[in-house]
2 protein chains.
Amino acid sequence: MAATVDTILEGAALEAWRSYLQSHASIVRMLDADLVAEHGITTRDYEVLLYLSQADERHLPMSALAESTMLTRSGITRLVDGLVEAGLIERVACPKDARVSYAQLTDRGYSKLREAGCSHVRSIRRLFLEHFTPDEIEQLASLLGRLPGAQPGRGCTASTDGGRQPAGPGDCAAA
Amino acid sequence: MAATVDTILEGAALEAWRSYLQSHASIVRMLDADLVAEHGITTRDYEVLLYLSQADERHLPMSALAESTMLTRSGITRLVDGLVEAGLIERVACPKDARVSYAQLTDRGYSKLREAGCSHVRSIRRLFLEHFTPDEIEQLASLLGRLPGAQPGRGCTASTDGGRQPAGPGDCAAA
DNA sequence: CGGAGACCGTTGATTCGTCAACTACAATTG
DNA sequence: CAATTGTAGTTGACGAATCAACGGTCTCCG
């Protein structure tokens, strides 16, 4: 009897796992469709612009971007290629270390981010947050924060870092 | 003031959303790596085998598979191509409707599923379920079940369908 | 100094999934 | 019955991300 408990997924465990997988697939797909339709950039593009906008001097080494976005260094190279071609970011050599090359947010990139931010955040609210009460969102944050890959407490508005966005994209931001 | 609430993601909302995205990326990646390393099939492959094993006569039309896996019909065609080549499933024409072609689980496919099932479920437990108490898993199931794409209450062990697995893969199954 | 090893970013080849177009068949409607 | 409309599945062309391998650079230690 104890054996089956280990080798079968059933009841709430199965529901939780399936909902986790399926909701993610649906939400990400719709989110991306919205962003592409309205602003011509993908969610990944948006993510990169956002991370850059929050970074010191609005630039980051490629590997930092790779880590934040959970992409390969190779993947980031190609993603950045596209954004450079679109004029949203530039590559800047690092004077201290010739190996690293910074991705630098351009003014156009910053504008694009602000432009896309509002509707993107609206989409996230509509597809994700709106289904929960504030209490439930805190529960979710606490629960999901324990999973591998999640970095609990790294939120931008956490009170430990002074509570202010260094150079956030104004009033439309953050995902 | 009310405006910023709508256009900024912060605090628990931001943490919940980021954890949701990042944990999913990490978990799925590790899960897939495990499955490929140990059994030479991907998570998608596994999913298809599992759905077939639970289906009547262990076969399903392509479009049913597409819907279950949240893939395109086109994507399923290619995925099934691979599984057919590996001898894990076969294509069978439908006598009633010449348009549909069934994906039919072979004995080898069934064996492969049983073989992979145990370790896969173990991985899911380790990466996902083990981080929560039973109560928390129920909370999660209830919360995530509300999201778009999730099909709440469709669990295999739901009491509405008689409570028995039609032809489940024995004692190792289900994700 | 000089070599060993680690690290950063890019590239080529490959895999995986999508979209759009197409074929074949079924169902509906006049 | 014929024509239209809709559905199932496959295919070609493409985009996105990966892995493996490479070239250039830094660091550490003999």
Side-chain angles (χ1 to χ4, degrees), chain A residues 21-22 24-26 28-37 40-48 52 59-86 89-104, chain B residues 21-22 24-26 28-37 40-48 52 55 59-86 89-104 149:
Chain A
L21 288 186
Q22 295 180 330
H24 182 275
S26 295
V28 164
R29 191 178 303 229
M30 292 190 274
L31 220 43
D32 220 59
D34 285 359
L35 209 45
V36 169
I41 60 175
T42 69
T43 305
R44 296 252 188 235
D45 294 335
Y46 180 86
E47 220 180 337
V48 166
L52 290 178
H59 68 198
L60 284 174
M62 302 294 280
S63 13
L65 277 180
E67 195 178 349
S68 299
T69 56
M70 317 208 70
L71 254 61
T72 313
R73 286 203 300 290
S74 163
I76 276 293
T77 294
R78 269 140 181 151
L79 183 45
V80 164
D81 282 348
L83 291 171
V84 167
E85 194 165 353
I89 70 184
E90 290 170 341
R91 281 181 216 270
V92 178
C94 171
K96 304 275 183 185
D97 185 337
R99 288 172 304 180
V100 337
S101 113
Y102 284 114
Q104 169 80 51
Chain B
L21 288 186
Q22 294 180 330
H24 181 276
S26 294
V28 165
R29 191 179 305 234
M30 291 189 276
L31 220 43
D32 219 60
D34 286 358
L35 209 45
V36 169
I41 59 175
T42 69
T43 305
R44 296 247 189 238
D45 295 335
Y46 180 85
E47 221 180 336
V48 165
L52 289 178
H59 68 196
L60 284 175
M62 304 294 280
S63 12
L65 277 180
E67 194 178 349
S68 299
T69 57
M70 315 208 70
L71 254 62
T72 312
R73 286 202 302 287
S74 163
I76 276 294
T77 292
R78 265 133 184 157
L79 183 46
V80 164
D81 282 347
L83 291 171
V84 167
E85 195 163 356
I89 71 185
E90 291 170 338
R91 281 182 216 268
V92 178
C94 170
K96 304 276 183 184
D97 185 336
R99 287 172 304 179
V100 337
S101 111
Y102 285 114
Q104 169 80 53

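Naming convention: chains lettered A, B, ... in sequence-line order (proteins, then strands); numbering from 1 in each chain. Any value given below was found using the heavy atoms of this structure, including those in side chains, with hydrogens, waters and symmetry copies removed.
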[N] [atom2] sits how many Å from [X] [atom1], rounded?
X        : N       : atom1 : atom2 : result
Met30(A) : dT18(C) : CE    : P     : 15 Å
Ile76(A) : dG9(C)  : CD1   : P     : 10 Å
Glu67(A) : dC7(C)  : CD    : P     : 13 Å
Met70(B) : dG17(C) : CE    : P     : 14 Å
Leu79(B) : dT10(D) : CG    : P     : 12 Å
His59(B) : dA8(D)  : NE2   : P     : 16 Å
Asp81(B) : dT10(D) : CG    : C1'   : 9 Å
Glu47(B) : dC16(C) : CD    : P     : 15 Å

Counting just side-chain N and O atoms, does Arg29(B) come under 4.0 Å of either OP1 or OP2 of dA17(D)? no
Does a nitrogen or oxygen in the side chain of Arg99(B) sit under 4.0 Å from OP1 or OP2 of dA27(C)? no
Can you name the closest pair of heavy atoms from Val48(A) and Leu65(A) and give their distance? CG1-CD1, 4.0 Å
Out of dT25(D), dA20(D), dC25(C), minimum distance to the side chain of Asp97(B) belongs to dC25(C)
Residue Val100(B), side-chain atoms from C-beta onward, closest of dT10(C), dT18(C), dA8(D): dA8(D)
Heavy-atom nearest nucleotide on DNA chain D taken for Thr72(A) and for Arg91(B); more 5' hit belongs to Arg91(B)
Closer to the 5' end of DNA chain D via nearest nucleotide, is it Arg78(B) or Ser63(B)? Ser63(B)
Donor + acceptor pair across side chains of Arg78(B), Ser74(B) (<3.5 Å): yes
When you compare the side chains of Thr43(B) and Asp32(B), does any donor N or O come within less than 3.5 Å of an acceptor on the partner? yes
Regarding Ser101(A), tell me which of base, sugar-phosphate or nothing describes its non-hydrogen contacts under 4.0 Å with the strands shown. sugar-phosphate
To the nearest 0.5 Å, tell me how far Thr77(B) OG1 sits from Leu71(B) CG. 10.0 Å
Show your reasoning for whether side-chain contact (heavy atoms from CB on, under 4.5 Å) applies to Arg91(B) and Met62(B). CA-CA 10 Å; Arg91(B) 281 182 216 268; Met62(B) 304 294 280; 3.4 Å; yes
Could one point to a donor on the side chain of Thr77(B) or the base of dT11(D) with an acceptor on the other under 3.5 Å away? no
